[in-house]
Every structure is written in structure tokens, then in C-alpha cells.
*Asks:* 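The structure is given below, and queries will be raised subsequently.
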Amino acid sequence: MEPHSFKKVVIGLIFSMTLLPSSSSSSAPCNLPAIFNFGDSNSDTGGLSAAFGQTPAPNGETYFHAPAGRYCDGRLLIDFIAESFGLPYLSAYLDSVGSNFSHGANFATAGSTIRRQNTTIFQSGASPISLDVQLVQFSEFHTRSKIISKQGVFHKLLPKEDYFSKALYTFDIGQNDLTAGYKLNLTTEQVKAYVPDVLLQLSEAVKRVYDQGGRTFWIHNTGPVGCLPYVLDRFFTSATQLDKYGCGSPFNEVAQYFNQRLKDVVIQLRKQLPLAAITYVDVYSVKYTLVSQAKKLGFELPLIACCGHGGKYNFNNSLRCGGKITTKGKEILIAKSCGNPSVRVNWDGIHFTEAANKWIFQQITSGSFSDPPLPLKMACHLSKDGAMNKFR
């Protein structure tokens, strides 16, 4: 090999090693100084609220004691993830007031999908901020952060440059892609048919983050949508299609199909992105366990919304949590909180309570439901056949 060629190889190897998820012992916890999140309402900390108006009370009542941009009575999984690393809660990228992005940013918005939807938020509830838009926002954020930091303006509110390669990149999205098909009256088989395309776009999104230096990925699969009051109330399900816990089997079947294909995608991504540590997290199993074993776990009425109004599931799509009616010129809150969300699983028919989110987090943080089975704090370490070991 020519001397200059050998020099190029050595320089390239050194550069690659600087972008590895971790350079410490595989037994050492990861030092993840920032989190960048992509998702939907399950992890939205204020994105949709910044664009279309604040979530109404009683959202936020348990922890924040006021609406805080979350469709929940308190904290979400992403909040508990941030807490576990000693990081502040993520500010929504779209929120221009009071935000601090020094330790990451949240690009998720309620109603977001992986694929763009041919509809508006006013027609179907689908957010215009689909995953491809979130990726554009991340790219802009990354580029402009470097420029503004060099100018010395607001640099304390932005991540340090090396945080982008050291950060945890979380993805929690896909649920709305599945329900979107049912809103169009598609059959379960028809919804399954477009899942590969949805996941192809998710795969491309992960690659785009990787191309910008992302190395540590924590990817949630989708939950048992057939156990959501919203789905059970809105989409017809016959008695024979309900499982023994009352969940809609066809909808859960689609979610499980999505998850199996997602796991296959993650396996392929590990081969295509050798320097990435990618963890697949089975939140479906955790959430289904919570619903099916609610009483044993100290919860109650898992299929009944805590905050809502009317119907078998305390859910009315036209009068969701915080909904009011006007009588004689006076607004009256109709869709109220149940008053004891700490023992309830479902908050508003679509989302989980803070208590449920905390329990779910406690299960997934250990690695018991992850592939590879690494605890959250070890997520930066590559699996045994990964590039980390190749460079040792």
C-alpha cells in the first residue's frame, strides 16, 4: 500500500471511531448529553400546542398542575427517559417561547404519521408534521445550531456540536399510520398491505439521522391500538372480534404485524449502519400486559378513559378530554377528569396516564423488552457482532 493511501485509511479509521456510539467499556453506562425525539402524541411535549393551541385542562393536572403541551395528566415516556439521564424535559422544536434546546429537542407532534396523509388536521386530526417534515426540521436545527453557536448568540440555549453524535435518538411513531387506514374504511388486510411502505420511510428517516452523525437509536414499536377506547368506540368491532380482555383483535393483529416488520427493518438497519447502536423496544408487550393484568398491577378500568364524557368507554370523539359546551352564554366543562388518574391506565381514550407511563417506563428501562436486551443507560453500546467489538 502506498504511504499516502495508508495515511488515508488510518485517518478514516480514527474518524470512524470518534463517531462510534461509545468508546468506553461495554459495562459502563452511556454518557448521553442530549435527546432528539421523533414521534406523535405519545411523545409530544408541546409541538402541536405551539402550532394549533394549548391542550385544554385538565391535561397536565397531575404533575404540571396546568396544561403543558402533553395529551396526558402528567409526564410521558419521553419525560421519564430524559429524567433517567438527568436531563431537562425536552422542549418542542416548534415552541418559540421559553424553550431551551441545550440538551436536545422534540420534533414530535400529536397526530403525526410516518407517511404524509392526503388530508388536513381539521378533517381527520392528522398532523401536517409527518416524519419527513420532522427530519427537515432536525436538519435545519442541526445546521443553524452550528451557525448561531459560532456567532455567540443564544449559544447557551443550543446543544454543543459534539452532542449531536453523542445523543440518544428516540423514535415513537406509527400508531396513527395504522388508524389512518381504518378512518378510510380500509380492511385489516388493506392496512397491512401498506405497512411495508410505511416502514421503508421510517428506515430512510433513521438513515438520514445517521448520515448527520446520529449513532444511538432507541426505537419503540407500536402499542396495542385495539385496547384504546378511541379505537373501540370509533371503529366497529363485533363481540367475536374482542379478546378476553375486551380489546379489538383485528386492530392488535395489525399492530403486531407492523411490529414484526419493524423488527426486521431494525435488523437490516444494523447491517447497513455498522456504527449505529439500534435498540428495538417492545412497548406493545408491556402495554398489553398493563391492560390485561391491570387489577393485579394496582390499576383499574383499563379500557375506560379517565378524562372524557359518555358512552361505554367514557369517550366521545366530538367532546374529548377538556371538552366544553356553552349553555346560556356560559362555558361548562363536560369532559372532566375521573379524579383518580393514579390508578387508571387510559387518560383520554387515546393516551396513557402518567401513572401508566411511569409503570411502562420502569419495565422498558431494564432492557427486558429490548433487542438487544440492554438497559436504556447502556443503549449506546453495540451488540456483540457490532462495530464496537470490531475496533477492540
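We count residues from 1, following the sequence as given.
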*Asks:* Take atom NZ in K312; do more than 12 heavy atoms of anything else shown fall under 6.0 Å from it?
*Replies:*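 Not more than 12 within 6.0 Å, no.
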*Asks:* Quick one: does any side-chain atom of D282 pair with a main-chain N or O of S285 as donor and acceptor, under 3.5 Å?
*Replies:*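 Such a contact is found between D282 side chain and S285 backbone.
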*Asks:* For the pair Y194 (side chain) and G181 (backbone), establish whether a donor and an acceptor sit closer than 3.5 Å, ignoring hydrogens and angles.
*Replies:*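 Side chain of Y194 to backbone of G181: a pair is present.
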*Asks:* Say whether Q134 and S112, considering side chains only, have a donor N or O and an acceptor N or O under 3.5 Å apart.
*Replies:*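 Side-chain D/A pair, Q134 to S112: present.
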*Asks:* Under a plain distance cut-off of 3.5 Å, with no hydrogens placed, do N37 and T170 share a side-chain donor-acceptor pair?
*Replies:*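 A pair is found: one side chain offers a donor N or O, the other an acceptor, under 3.5 Å apart.
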*Asks:* Do N59 and C321 make a side-chain contact, defined as non-hydrogen atoms from C-beta onward lying under 4.5 Å apart?
*Replies:*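 Contact flag for N59/C321 side chains = yes.
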*Asks:* Hey, what's the ring geometry for W218 with H220, parallel, tilted or perpendicular (30° and 60° as the breaks)?
*Replies:*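 Geometry flag for H220 against W218: perpendicular rings.
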*Asks:* With a 4.5 Å cut-off on side-chain heavy atoms, are K207 and Q212 touching?
*Replies:*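 Q212 vs K207: side chains apart.
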*Asks:* I need the L319 CG to I325 CD1 distance, nearest 0.5 Å.
*Replies:*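 That separation rounds to 7.5 Å.
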*Asks:* Ring pair (Phe, Tyr, Trp, His ring centres under 6.0 Å): which pairs involve residues 316-360, sequence neighbours left out?
*Replies:*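 Residue pairs passing ring pair (Phe, Tyr, Trp, His ring centres under 6.0 Å), neighbours aside: Y71-H351.
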*Asks:* Any chance you could lay out the side-chain contact (heavy atoms from CB on, under 4.5 Å) test for D243 and Y288, step after step, and finish with the verdict?
*Replies:* CA-CA 12 Å; D243 66 18; Y288 190 75; 2.7 Å; yes
*Asks:* If you count heavy atoms of other groups shown closer than 6.0 angstrom to NZ of K336, is the number above 12?
*Replies:*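 Result for NZ/K336: open.
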*Asks:* In sequence, state the C-alpha distance, the side-chain angles, and the governing distance for R344 and D73, and then conclude on salt bridge (charged side-chain N to carboxylate O under 4.0 Å, His left out).
*Replies:* CA-CA 11 Å; R344 299 293 284 273; D73 62 306; over 6 Å; no
*Asks:* Check whether S99 reaches the backbone of S96 with its side chain - one donor and one acceptor, N or O, closer than 3.5 Å.
*Replies:*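 Not confirmed, S99 side chain does not pair with S96 backbone.
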*Asks:* Short question: side chain of Q117, backbone of R115 - any donor-acceptor pair under 3.5 Å?
*Replies:*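 Here the side-chain-to-backbone pair exists.
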*Asks:* Establish, yes or no, whether a centroid distance under 6.0 Å links the rings of F164 and F36.
*Replies:*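 Yes, close enough.
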*Asks:* Any link between Y245 and F315 through a network of hydrophobic side chains (Ile, Leu, Val, Met, Phe, Trp, Tyr) touching at under 4.5 Å?
*Replies:*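 No, separate clusters.
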*Asks:* Give the intermediate values and the outcome of side-chain contact (heavy atoms from CB on, under 4.5 Å) for residues V291 and L303.
*Replies:* CA-CA 8 Å; V291 170; L303 301 183; 3.9 Å; yes
*Asks:* Spell out, as yes or no, whether a donor-acceptor pair under 3.5 Å connects the side chain of S149 to the backbone of K146.
*Replies:*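 Not confirmed, S149 side chain does not pair with K146 backbone.
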*Asks:* Tell me whether the NZ or CZ atom of R215 lies within the 45° cone about the ring axis of Y210 and under 6.0 Å from its centre.
*Replies:*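 Yes, a cation-pi geometry.
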*Asks:* Give me the ring orientation class for F361 and F80: parallel if the planes are under 30° apart, tilted from 30 to 60°, perpendicular past 60°.
*Replies:*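 Plane angle under 30°, so parallel.
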*Asks:* Minimum heavy-atom separation for L333 to A57, with atom names?
*Replies:*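 For L333 versus A57, the nearest heavy atoms are CD1-O, 4.5 Å.
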*Asks:* Under 4.5 Å between any side-chain heavy atoms of R320 and I350, yes or no?
*Replies:*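 Yes, at least one pair of side-chain atoms sits under 4.5 Å.
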*Asks:* Could you check R234 against T179 for side-chain contact (heavy atoms from CB on, under 4.5 Å), going step by step and ending with a plain yes or no?
*Replies:* CA-CA 10 Å; R234 184 163 182 179; T179 57; over 6 Å; no
*Asks:* Has the side chain of S139 got a donor or acceptor atom that lies under 3.5 Å from a matching backbone atom of L135?
*Replies:*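 Between the backbone of L135 and the side chain of S139 there is no qualifying donor-acceptor contact (under 3.5 Å).
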*Asks:* In terms of hydrophobic clusters joined by side-chain contacts under 4.5 Å, are L157 and L87 together?
*Replies:*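 The answer is yes; both residues are in one hydrophobic cluster.
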*Asks:* Assigning hydrophobic clusters by single linkage (Ile, Leu, Val, Met, Phe, Trp, Tyr; side-chain heavy-atom cutoff under 4.5 Å), is L184 placed with Y257?
*Replies:*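 Shared cluster, yes.
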*Asks:* More than 12 heavy atoms of other residues, nucleotides or ligands under 6.0 Å from CG of D211: yes or no?
*Replies:*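 Yes - once you tally the heavy atoms of other residues, nucleotides and ligands closer than 6.0 Å, there are more than 12.
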*Asks:* So, for E354 and R75, which heavy atoms are closest and what is the spacing to 0.1 Å?
*Replies:*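 Looking at all heavy atoms of both residues, the closest pair is OE1-N, 2.8 Å.
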*Asks:* Measure across N357 and L76 and return the closest heavy-atom pair with its distance rounded to 0.1 Å.
*Replies:*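 In terms of heavy atoms, the two residues are closest at ND2-CA, 3.7 Å.
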*Asks:* Show the numbers, then the answer: is there a side-chain contact (heavy atoms from CB on, under 4.5 Å) between L297 and L290?
*Replies:* CA-CA 7 Å; L297 297 170; L290 178 56; 4.0 Å; yes
*Asks:* Tell me whether the count of non-hydrogen atoms from other residues, nucleotides or ligands lying under 6.0 Å of NZ in K192 goes above 12.
*Replies:*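 For K192, atom NZ is crowded (more than 12 foreign heavy atoms under 6.0 Å).
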*Asks:* With distance as the sole test, does N314 use its side chain to make a donor-acceptor pair with the main-chain N or O of H309 at under 3.5 Å?
*Replies:*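 Yes, because the side chain of N314 sits within donor-acceptor range (under 3.5 Å) of the backbone of H309.
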*Asks:* Is it true that, when you exclude K377 itself, more than 12 heavy atoms of the residues, nucleotides or ligands shown sit nearer than 6.0 Å to its NZ?
*Replies:*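 No - once you tally the heavy atoms of other residues, nucleotides and ligands closer than 6.0 Å, there are 12 at most.
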*Asks:* Is it the case that E61 and S337 place a side-chain donor and acceptor less than 3.5 Å from each other?
*Replies:*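 Distance-only check passes for E61 and S337.
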*Asks:* Could you tell me if the side chain of F64 sits less than 4.5 Å from the side chain of Y89, heavy atoms only?
*Replies:*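 Side chain of Y89 against side chain of F64, heavy atoms only: contact under 4.5 Å found.
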*Asks:* Just by distance, with hydrogens left out, do Y280 and N221 show a side-chain donor and acceptor under 3.5 Å apart?
*Replies:*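 Side chains of Y280 and N221: pair found under 3.5 Å.
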*Asks:* State yes or no: do F171 and L200 share one hydrophobic cluster built from I, L, V, M, F, W and Y residues joined by side-chain heavy-atom distances below 4.5 Å, directly or via other members?
*Replies:*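 Shared cluster, no.
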*Asks:* Do the side chain of T45 and the main chain of L90 share a donor and acceptor less than 3.5 angstrom apart?
*Replies:*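 Yes; judged by distance alone, with no hydrogens or angles, the pair exists.
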*Asks:* With a 4.5 Å limit on heavy-atom distance, are the side chains of C30 and H381 in contact?
*Replies:*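 Yes. Closest side-chain heavy atoms under 4.5 Å.
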*Asks:* Going through the checks in order, is the side chain to side chain donor-acceptor pair (under 3.5 Å) test met by D172 and S43?
*Replies:* CA-CA 7 Å; D172 190 342; S43 59; 5.1 Å; no
*Asks:* Which atom pair, heavy atoms only, marks the closest approach of A355 to P341?
*Replies:*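 For A355 versus P341, the nearest heavy atoms are CB-O, 4.0 Å.
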*Asks:* Testing the basics here: between F299 and A356, what is the closest heavy-atom pair and its distance to 0.1 Å?
*Replies:*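 Minimum heavy-atom separation between F299 and A356: CE2-N, 4.0 Å.
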*Asks:* Can you check whether N100 reaches P88 side chain to side chain, under 4.5 Å on heavy atoms?
*Replies:*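 No, every pair of side-chain atoms sits at 4.5 Å or beyond.
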*Asks:* Could you go through D132 and R116, starting from their C-alpha distance and side-chain angles, then the distance that decides it, and tell me whether this counts as salt bridge (charged side-chain N to carboxylate O under 4.0 Å, His left out)?
*Replies:* CA-CA 8 Å; D132 60 325; R116 292 183 186 179; 2.5 Å; yes
*Asks:* Measure the CD1-OG distance between I173 and S41 for me, rounded to the nearest 0.5 Å.
*Replies:*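 Reported to 0.5 Å precision, the distance equals 10.0 Å.
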*Asks:* Answer with yes or no whether the hydrophobic clustering places I121 together with L131; edges join I, L, V, M, F, W, Y residues whose side-chain heavy atoms lie under 4.5 Å apart.
*Replies:*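 No, I121 and L131 fall in different hydrophobic clusters.
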*Asks:* For the atom pair CG (D264) and CG (N259), what is the distance rounded to the nearest 0.5 Å?
*Replies:*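 Between atom CG of D264 and atom CG of N259 there are 11.0 Å.
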*Asks:* What orientation do Y169 and F38 show, parallel under 30°, tilted 30 to 60°, or perpendicular over 60°?
*Replies:*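 Aromatic pair Y169/F38 classed parallel.
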*Asks:* Just verifying a value: how many Å separate F251 CZ and E253 CD, rounded to the nearest 0.5 Å?
*Replies:*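 Result: 11.0 Å between the selected atoms.
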*Asks:* Might you point out which heavy atoms bring R70 and G74 nearest each other, and give the distance in Å?
*Replies:*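 Minimum heavy-atom separation between R70 and G74: CD-O, 3.5 Å.
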*Asks:* Calculate, to the nearest 0.5 Å, the distance between atoms CD and CG belonging to Q137 and L94 respectively.
*Replies:*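 Here the rounded value is 5.0 Å.
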*Asks:* Between T279 and A277 (side chain of the first, backbone of the second, donor and acceptor by atom type, cut-off under 3.5 Å), is there such a pair?
*Replies:*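 A pair under 3.5 Å: no.
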*Asks:* Side-chain contact, heavy-atom cut-off 4.5 Å: D95 with N106?
*Replies:*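 When only atoms from C-beta onward are counted, N106 and D95 do not touch, as no gap falls below 4.5 Å.
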*Asks:* Does a side-chain heavy-atom distance below 4.5 Å link Y313 with N346?
*Replies:*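 No; the side chains remain at least 4.5 Å from each other.
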*Asks:* Measuring from L168:CG to L32:CG, what's the distance to the nearest 0.5 Å?
*Replies:*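 Nearest 0.5 Å value for the CG-CG distance: 5.5 Å.
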*Asks:* Between C307 and C338, is the SG-SG gap less than 2.5 Å?
*Replies:*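 Between C338 and C307 there is no disulfide, given that their SG atoms are not under 2.5 Å apart.
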*Asks:* For Q123 and T119, does a side-chain donor sit closer than 3.5 Å to a side-chain acceptor?
*Replies:*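 Distance-only check passes for Q123 and T119.
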